[in-house]
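Only this structure's heavy atoms are used, side chains among them; waters, hydrogens and symmetry mates stay out.
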Amino acid sequence: MDLNGVRTFVAVAESGQFQRAAVDLSLSQQAVSKRVAALEKDLGVRLFTRTTHGARLTVDGQVFLPHARELLQAQDRAVAAVSPGRRALRVDVIGRRLSLAGLLRDFHRAHPEIALDVVTLFDADAAVAALRSGTIDATFRAVAMPGHTLPDDIEAAPVYDEPLQLFTGPGHEFATAAAVTPAQLAGQRIWMPGNAPGTEWTAYYDELAADFGFTVDTVGPNFGVEALLDTIAASPTLATFLSERTPLVRPVGHDLLRVPVHGPTPVYPHSLLWHTRNRHPALTALRDHFAALCPEHPGTDVWTPRWARRRTPRPSDDR
């Protein structure tokens, strides 16, 4: 069924005249007649009886009219659901319990008028593919690990260099340390069961481990943060890295400790990515918000992977 024909039928029914409906729809009267005739052919019934005063709905036309209005309302809702400026801004974060999700909540508090749809995609490749297909409007990712380059139509701007801390249980040798250096971690086992091969965060920690001589242990299934906390709390040999901004609810009875890492401080480099042709009006507000909040490095003595050094974004034609 042609919805243009349905819309034309409703216009004639509401105006009572083909001629007036033609004016309202910016069509010729002949075009209006053809659309109604085509709709009547599809339905197999007559919808109007022509009179000297205009057009009168038949019994079938009266029955069809409320359903026709529902069809047009459904069409309008469907268009609104995917139209930039009318639909929610879709933003991808790696995890809803990680620091960038918290920073995105801060954006929502600052701009409550902007509807947000928050999704969690697996890795940078999936996020970039979603940007290019229009499934999402923006993503926060570390870019670009060895063997991966951003397509020319994807823009990236650094937004947050996240300082990492060592997380240990009370029996670990660094549990009472005021701070440690990455060099002191040489020979240590850093347990990160969520590190999956081929992801940007695994590339980050692999390079960090190679530079400072510790081992990233990924053995065992990833049961989430709670299971990780249980294991770290009970182990005198395992530690892990967490952000100072990662929100955690510590299990009762667990004396878990965050130990600052300095000399240098490892920072995880988050960038905001978007498609250069994306015209969602709220995207500019998102970029501006994070550009204003973007903190400088926490001191000059920091470590980031060689593939993730800060760089100046290319000019974008949608600013």
query = Does a side-chain heavy-atom distance below 4.5 Å link V93 with T120?
reply = yes

inquiry  = According to side-chain hydrogen bond (donor to acceptor under 3.5 Å, both in side chains), does anything in residues 136-147 pair up with another residue at least two apart or in another chain? List the pairs.
reply    = R87-D137, D92-T139, D92-R141, D137-N278, T139-R141, R141-E200

message = Run the salt bridge (charged side-chain N to carboxylate O under 4.0 Å, His left out) test against R109 and tell me which residues pass, sequence neighbours left out.
response = D106

request  = Determine which pairs satisfy ring-ring contact (aromatic ring centres under 6.0 Å, His included) with at least one residue from residues 130-150, sequence neighbours left out, and list them in order.
outcome  = F140-F290

query = Quick one: does R258's side chain have a donor or acceptor within less than 3.5 Å of a partner on S243's backbone?
reply = yes

task = Give a yes or no answer on whether the side chain of S15 reaches the backbone of A11 with a donor-acceptor pair at less than 3.5 Å.
result = yes

Candidates S271, P269, S99 - the one meeting side chain to side chain contact (heavy atoms under 4.5 Å, CB included) with Y160 = S99

key: CD1 on I136 to CG on L131, rounded to 0.5 Å   = 4.0 Å

request  = Give a yes or no on whether the backbone of H270 and the side-chain of E162 come within a donor-acceptor separation of less than 3.5 Å.
outcome  = no

request  = Can you spot which of D211, T265, L164 makes a side chain to side chain contact (heavy atoms under 4.5 Å, CB included) with W303?
outcome  = D211

ask   = When rounded to the nearest 0.5 angstrom, what distance separates CD in Q75 from CD in E70?
value = 14.0 Å

request  = Report the residues that fulfil salt bridge (charged side-chain N to carboxylate O under 4.0 Å, His left out) with R56, sequence neighbours left out, ordered by chain and then residue number.
outcome  = none

query = What about the rings of F167 and W191, do their centers lie closer together than 6.0 Å?
reply = no

key: Residues forming a side chain to side chain contact (heavy atoms under 4.5 Å, CB included) with D42, sequence neighbours excluded   = none

inquiry  = Working to the nearest 0.5 angstrom, can you tell me the gap between L89 CG and H108 NE2?
reply    = 11.5 Å

ask   = Got a sec: does the CD of Q19 have more than 12 other heavy atoms crowding it under 6.0 Å?
value = no

query = In terms of hydrophobic clusters joined by side-chain contacts under 4.5 Å, are Y268 and F122 together?
reply = yes

query = Just wondering, do V302 and D161 contact through their side chains at under 4.5 Å, heavy atoms?
reply = no

inquiry  = For D2 and R35: C-alpha separation, side-chain torsions, deciding distance, then whether side-chain contact (heavy atoms from CB on, under 4.5 Å) applies.
reply    = CA-CA 9 Å; D2 183 5; R35 285 186 179 184; 5.7 Å; no

query = Has the side chain of T58 got a donor or acceptor atom that lies under 3.5 Å from a matching backbone atom of R46?
reply = yes

inquiry  = Donor-acceptor check, side chain of W201 to backbone of G194, threshold 3.5 angstrom: yes or no?
reply    = yes

query = Just how far is it from atom CD of E173 to atom CD of Q184, taken to the nearest 0.5 Å?
reply = 9.0 Å

query = Under 3.5 Å, side chain of S33 to main-chain N/O of Q29, donor-acceptor pair present?
reply = yes

Heavy-atom side-chain contact between W274 and H280 under 4.5 Å = no

inquiry  = Could you walk me through whether H111 and E113 satisfy the side-chain contact (heavy atoms from CB on, under 4.5 Å) test, starting with their C-alpha distance in whole Å, then the side-chain angles of each, then the deciding distance to 0.1 Å, before giving a yes or no?
reply    = CA-CA 5 Å; H111 298 276; E113 76 283 0; 3.4 Å; yes

ask   = Rounded to the nearest 0.5 Å, how far apart are CD1 of I114 and CZ of F107?
value = 4.0 Å

message = Starting from L47 and following side-chain heavy-atom contacts under 4.5 Å between hydrophobic residues (I, L, V, M, F, W, Y), which residues can be reached?
response = M1, L3, V6, F9, V10, V12, F18, L25, L27, V32, V36, L39, L43, V45, F48, L57, F64, L65, L71, L72

request  = Kindly compute the distance separating NE2 (H172) from OG1 (T237), expressed to the nearest 0.5 Å.
outcome  = 7.0 Å

ask   = Is the distance between the ring centroids of Y204 and F241 less than 6.0 Å?
value = no

ask   = Any donor-acceptor pair under 3.5 Å linking the side chain of T51 with the backbone of H53?
value = yes

query = Between R132 and D153, is the closest basic N to carboxylate O distance under 4.0 Å?
reply = yes

